[in-house]
Protein chains: 2
Amino acid sequence: MDVSVKGEYALRAVFELCSRGSSEPTKIADIAARQRIPQKFLELILSQLKQGGFLNSRRGASGGYTLAKPAEDITVGAVLRHIEGRLSTARRSDDNSRPPDSPFNEVWKQVDAALSNVIDRTTFADLLERWKEKRSRRAVSFQI
Amino acid sequence: MDVSVKGEYALRAVFELCSRGSSEPTKIADIAARQRIPQKFLELILSQLKQGGFLNSRRGASGGYTLAKPAEDITVGAVLRHIEGRLSTARRSDDNSRPPDSPFNEVWKQVDAALSNVIDRTTFADLLERWKEKRSRRAVSFQI
DNA sequence: TGAATCTCTAGTAAATCGATAGGGATTCCA
DNA sequence: TGGAATCCCTATCGATTTACTAGAGATTCA
């Protein structure tokens, strides 16, 4: 699948909003600064995430972006598919509908399933939980 | 992962050689014709497959390409990795060696594992077997 | 009103992709 | 020994995609 930079920026932006848990809107500039993402590029991405129903926004002073739904309802796969367009190997089917019936079809199907099994089952709530846990473990071992 | 056209050509070419089972070399032109691959493009790909140790070649009249090892020792993953370079999501690590320790690392690792689980376990002998079986089933149902 | 923010449309430099061109080097065979 | 047939090598090219940047417009709030 090979995630593009844009795709990773999108994931990081959503994660940033999740980790703030705030219901107050977060400014693009803040997300850009925290996640080290070029601001004008991020603008496009956030707008696209809004089109996809992942985020809400408010303009004007004290405007910004918020999550459109709880972190446990947003999966890595959903974000990635929306930003990257077609994901995984699924053969370019050009325009003709019927599959070309190649010896590799079965493999591609298995790859798709295996991939989906990971990214469509991982929510941002999962990521946040693991991340917090990891940070706390690190803190402990650092104290010792 | 999203296989490139070049990657798929490589797979098809190897499959073609496997399905011939012949120890006689097969000409580039023949593979190109059978698999509908632009010949000059295929030349580059076959040469690269040779560099990777998948194929042998002979020049001159009655020259061509042969498998460098039995079909059961060539996996889809090996061919793909050799032709496509880095496969799967594994983050572009720029040049700095240590991983950037992001909340997504674990996901990428899982994706890599899931992907590898499919493509590194599927040999061309498997593909050929499945393909033959499929063709025979089709023939039977066609007769009935 | 005006400052702060999101929003929308263009544009752009660099890289990659999917080829094509044109010989050169080997090998076989008559 | 001299082609003819084949693989081998390097270079180039047009189209597309990627990762961004520019700049002006639309909203919102104080």
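Basis for what follows: all heavy atoms, side chains included, without hydrogens, waters or symmetry-related copies. Letters go in sequence order (proteins before strands), and every chain restarts at 1.
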Problem - Atom CD of B:E129 with >12 non-hydrogen neighbours under 6.0 angstrom - result: no
Fill in the blank from the handout: Closest of C:dA10, C:dA19, D:dC29 to the A:S62 side chain is D:dC29
Handout entry: Side chain to side chain, B:R34 and B:T26, heavy atoms closer than 4.5 Å
Key = no
Exercise for the section: Measure from the side chain of B:R59, starting at C-beta and using heavy atoms only, and say which of D:dT6, D:dC29, C:dC6 lies closest. Expected result: D:dT6
Problem - Presence of A:Y9 side-chain N/O under 4.0 Å of D:dC20 phosphate oxygens OP1/OP2 - result: yes
Problem - Selection from D:dT21, C:dA19, C:dT7 that lies nearest to any side-chain heavy atom of A:I28 - result: C:dT7
Handout entry: Earlier contact from the 5' end, DNA chain D, for A:A61 and A:G7
Key = A:G7
Handout entry: Interatomic distance where CG belongs to B:N56 and P belongs to C:dT27 [whole Å]
Key = 13 Å
Handout entry: Sugar-phosphate only, base, or nothing, as touched by A:K40 at under 4.0 Å among non-hydrogen atoms
Key = base
Fill in the blank from the handout: From CD of B:E8 across to P of C:dG18 the rounded distance in Å is 11 Å
Exercise for the section: Would you mind reporting whether A:R12 and A:I37 have side-chain heavy atoms less than 4.5 Å apart? Expected result: yes
Fill in the blank from the handout: Considering only heavy side-chain atoms of A:E43, the closest of C:dA10, D:dG23, C:dA19 is D:dG23
Problem - Backbone of A:V118 reached by a side-chain donor or acceptor of A:T122 within 3.5 Å - result: yes
Problem - OP1 or OP2 of D:dC8 under 4.0 Å from side-chain N/O of B:S57 - result: yes
Exercise for the section: Give one of base, sugar-phosphate or nothing for A:L46, where a contact means two heavy atoms less than 4.0 Å apart. Expected result: nothing
Handout entry: Spacing of A:E24 atom CD relative to D:dT28 atom P, expressed in whole Å
Key = 16 Å
Completion exercise
Whole-Å distance, A:L42 CG to C:dC6 P, equals 9 Å
Exercise for the section: Consider the side chain of B:S47, meaning its heavy atoms from C-beta on, and name the nucleotide among D:dC9, D:dC29, D:dT21 that approaches it most closely. Expected result: D:dC9
Handout entry: Shortest side-chain distance from B:F41, nucleotide among C:dT20, C:dA4, D:dC7
Key = C:dT20
Problem - Nucleotide nearest A:K27 when distance is taken to its side chain, options D:dC7, D:dC29, C:dC6 - result: C:dC6
Completion exercise
Side-chain contact check for B:V5: nearest option of D:dC29, C:dA19, C:dT27 is C:dA19
Exercise for the section: State which of D:dC7, C:dA10, C:dC6 makes the closest approach to the side chain of A:Y65. Expected result: C:dC6
Practice task
Round to a whole Å and report the spacing from NZ of B:K50 to P of C:dT26.
Solution key: 11 Å
Problem - Whole angstrom value for the distance that separates P of D:dC7 from CD of B:Q51 - result: 15 Å
Fill in the blank from the handout: note: B:L49, atom CG; D:dC7, atom P; distance rounded to Å ~ 14 Å
Practice task
Send over the distance from B:Q39 CD to C:dT20 C1', rounded to a whole Å.
Solution key: 12 Å
Exercise for the section: Report, as yes or no, whether the 6.0 Å neighbourhood of atom NZ on A:K132 holds more than 12 heavy atoms from other residues, nucleotides or ligands. Expected result: no
Handout entry: A:E84 versus A:G7, closest heavy-atom pair with distance
Key = OE2-CA, 3.4 Å
